[in-house]
Amino acid sequence: MNKLYRFQYFTSEKFPFLHQVRDLEIFVELSHILYKNGYVYEDSFLNYPNMVDKKAGLLTFGKNDLMILTTRPPLSDRKLHKRRIYSTDHIYEIQLLEQIRTCFMSLSRQVMFLNHNIAMQLHEGFEDRACIAFCVNQNKSNKSAGYREISEFGYAEPKKWSKVSKIQKSCAFILFFEKAGILPKMLHVFGIGGEEGLIFSRILRNGLWEKLEINLNGPSRLIMVEFEIHVPEKYPTNLDFVNNFKYDVILDTELSR
């Protein structure tokens with residue numbers, strides 16, 4: 001069996017451990033898949049806010065070891081952003097964000113812009129998912145990071161923002177990167193918000209992973225999946241409510257070295 005590591009981001013400077021629970025649940029869902037693919041959990045790397053030593057906790061990875069990240073990477077998070085994820089400038093983080101930048105022009109809780117060359121590969125009918133603005137504030141009509149506006153790319157910015165239908169939708173991503181630099185093979189599985197990431201992990205476990213034929217020994221790859229969100233009014237006791245969610249794979253492409 002190959003070793004599986006977990007990279008953990010935090011959303012609080014004062015109480016970091018209180019914000020791990022949902023990410024751990026996503027990890028548990030995906031561990032079921034990864035175990036069948038020959039991976040067993042070895043350890044976690046905790047990327048604490050205000051980390052002083054930028055080379056702390058370096059691990060020794062085997063050539064087939066895999067590190068998984070289940071939190072949206074803070075590519076574009078700023079101090080004033082709501083739902084901010086904290087960066088550390090640790091050497092692991094610097095390299096994994098460099099990988100992420102090959103796919104995204106911008107990525108935060110508020111907006112997502114694909115890079116132009118990636119956006120050109122969106123599947124037919126989904127060209128206006130190149131730029132997405134997401135809902136942020138929770139209220140009765142908006143409980144999650146659902147779409148607020150969507151747009152194709154224009155010359156250097158979104159072409160024309162348009163409102164989405166009444167059906168609440170969001171998206172999530174799978175990014176796989178081959179071993180590079182000091183990082184092992186990297187698997188990023190995340191939604192724009194934690195709730196969406198959890199929903200997506202169950203969709204993957206329910207069979208989408210096998211349908212996508214994901215090869216963790218193959219080339220680097222980016223997958224974008226869009227799904228409807230119907231979160232129960234009362235907190236559910238399990239994830240069975242996800243079982244009948246409709247989804248579309250709207251982008252699936254290999255990434256150049």
Side-chain angles (χ1 to χ4, degrees), residues 7 9 11 23 26 47 67-90 92-123 126-136 144-159 161 164 169-178 180-181 183 185-197 200-201 212 214 219-227 248-257:
F7 189 98
Y9 269 113
T11 57
D23 278 3
I26 297 171
N47 198 48
M67 182 178 282
I68 185 170
L69 172 66
T70 58
T71 309
R72 172 186 56 78
L75 188 68
S76 309
D77 288 36
R78 300 290 182 266
K79 289 183 179 181
L80 297 178
H81 277 187
K82 295 181 180 180
R83 316 288 175 83
R84 179 185 174 195
I85 294 173
Y86 285 85
S87 298
T88 66
D89 291 329
H90 188 275
Y92 283 162
E93 182 189 69
I94 290 172
Q95 291 198 11
L96 71 85
L97 290 181
E98 286 178 355
Q99 292 179 333
I100 295 294
R101 284 191 186 94
T102 64
C103 302
F104 298 96
M105 183 182 300
S106 180
L107 181 64
S108 70
R109 180 58 176 76
Q110 281 74 16
V111 297
M112 183 284 303
F113 292 180
L114 294 170
N115 281 340
H116 282 263
N117 62 317
I118 299 294
M120 291 174 63
Q121 300 178 66
L122 283 161
H123 293 177
F126 295 96
E127 294 86 354
D128 57 0
R129 299 330 191 252
C131 309
I132 303 175
F134 297 91
C135 300
V136 177
S144 58
Y147 294 167
R148 183 165 57 85
E149 294 179 303
I150 55 179
S151 177
E152 295 182 49
F153 264 123
Y155 176 69
E157 59 185 14
K159 190 173 183 179
W161 289 107
V164 297
K169 293 183 178 181
S170 193
C171 61
F173 302 88
I174 300 172
L175 286 86
F176 172 70
F177 292 101
E178 299 171 81
L183 293 176
K185 294 187 290 186
M186 296 294 299
L187 178 65
H188 304 258
V189 181
F190 61 92
I192 296 299
E195 187 174 275
E196 290 69 37
F200 186 48
S201 68
L212 292 169
I214 296 172
S220 299
R221 186 176 174 190
L222 167 62
I223 300 167
M224 182 176 177
V225 178
E226 178 177 278
F227 46 86
D248 291 290
V249 179
I250 65 175
L251 174 66
D252 187 351
T253 183
E254 290 186 5
L255 302 171
S256 58
R257 293 177 180 270

*Asks:* Does L96 form a side chain to side chain contact (heavy atoms under 4.5 Å, CB included) with M67? I'd like the steps, not just the answer.
*Replies:* CA-CA 11 Å; L96 71 85; M67 182 178 282; 5.7 Å; no
*Asks:* Do P74 and Y86 make a side-chain contact, defined as non-hydrogen atoms from C-beta onward lying under 4.5 Å apart?
*Replies:* no
*Asks:* Return the CD1 to OG distance between I192 and S170, rounded to the nearest 0.5 Å.
*Replies:* 6.5 Å
*Asks:* Taking all heavy atoms of G194 and all of I26, pick out the closest pair and write down the distance.
*Replies:*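 In terms of heavy atoms, the two residues are closest at O-CD1, 4.0 Å.
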*Asks:* Between M224 and L114, is any pair of side-chain heavy atoms under 4.5 Å apart?
*Replies:*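 Yes - at least one pair of side-chain heavy atoms lies under 4.5 Å apart.
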*Asks:* Going by the rule side chain to side chain donor-acceptor pair (under 3.5 Å), which residues pair with S106 if we only count those two or more places apart in sequence or in a different chain?
*Replies:* S76
*Asks:* What is the minimum heavy-atom distance between R221 and L212, and which atoms define it?
*Replies:*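 R221 and L212 have their closest heavy atoms at NH2-O, 2.7 Å.
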*Asks:* Residues in salt bridge (Lys or Arg N to Asp or Glu O under 4.0 Å) with E93, at least two apart?
*Replies:* none
*Asks:* Over 60° means perpendicular and under 30° means parallel, so classify the ring planes of F113 and W161, tilted if in between.
*Replies:*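 Ring orientation, 0 to 90° scale: tilted.
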*Asks:* State, yes or no, whether a side-chain contact exists between T102 and I118 at a heavy-atom distance under 4.5 Å.
*Replies:* no
*Asks:* Between C171 and F227, which heavy-atom pair has the shortest distance, and what is it?
*Replies:*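 Heavy atoms only, the tightest pair is C-CE2, 4.0 Å.
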*Asks:* Decide yes or no on side chain to side chain contact (heavy atoms under 4.5 Å, CB included) for M186 and L175, but give the supporting numbers first.
*Replies:* CA-CA 8 Å; M186 296 294 299; L175 286 86; over 6 Å; no
*Asks:* Looking at CD1 of I132 and CZ of R148, how far apart are the two atoms once the value is rounded to the nearest 0.5 Å?
*Replies:* 12.0 Å
*Asks:* Whether the side chain of D248 engages the backbone of E226 through a donor-acceptor N/O pair (distance < 3.5 Å, no angle test) should be reported.
*Replies:* no
*Asks:* Is V136 close to Q110 at the side-chain level, that is, under 4.5 Å between some pair of heavy atoms?
*Replies:* yes
*Asks:* Measuring from S87:OG to N47:CG, what's the distance to the nearest 0.5 Å?
*Replies:* 8.0 Å
*Asks:* I'd like to know if the side chain of D128 reaches the main chain of E152, judged simply by a donor and an acceptor atom lying under 3.5 Å from each other, with no hydrogens or angles considered.
*Replies:* no
*Asks:* Tell me yes or no: between the side chains of T253 and Q121, is some donor less than 3.5 Å from an acceptor?
*Replies:* yes
*Asks:* Over all heavy atoms of both residues, which pair between R129 and I150 is shortest? Give the atoms and the distance, please.
*Replies:*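 So the minimum-distance heavy-atom pair works out to NH1-CD1, 3.8 Å.
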*Asks:* Report the distance from atom CE of M120 to atom CG of L251, rounding to the nearest 0.5 Å.
*Replies:*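 The CE atom of M120 sits 12.5 Å away from the CG atom of L251.
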*Asks:* Are V189 and S201 side-chain neighbours, meaning at least one heavy-atom pair lies under 4.5 Å?
*Replies:* no
*Asks:* What's the spacing between I223 CD1 and I250 CD1 if we round to 0.5 Å?
*Replies:*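 The CD1 atom of I223 sits 12.0 Å away from the CD1 atom of I250.
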*Asks:* Centre-to-centre under 6.0 Å for F173 and F190, is that the case here?
*Replies:*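 So the answer is yes for these two rings.
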*Asks:* Where do P73 and L97 come nearest, in terms of heavy atoms and distance?
*Replies:* CB-CD2, 3.9 Å
*Asks:* Using the salt bridge (charged side-chain N to carboxylate O under 4.0 Å, His left out) rule, pick out the option among R84, R109, R72 that qualifies with D77.
*Replies:*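 Passing option: R72.
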*Asks:* Can you find a heavy atom in the side chain of F7 that is under 4.5 Å from one in the side chain of H90?
*Replies:* no
*Asks:* Look up atom CD1 in I174 and atom CD1 in I214, then write down how far apart they are to the nearest 0.5 Å.
*Replies:* 3.5 Å
*Asks:* Minimum heavy-atom separation for A145 and F134, please, with both atom names.
*Replies:*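 That would be O-CD2, 3.3 Å.
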*Asks:* H188 pairs by ring pair (Phe, Tyr, Trp, His ring centres under 6.0 Å) with which of F104, F176, F177, Y9?
*Replies:* F177
*Asks:* Can you tell me if S220 uses its side chain to pair, donor with acceptor, with the backbone of E178 under 3.5 Å?
*Replies:* yes
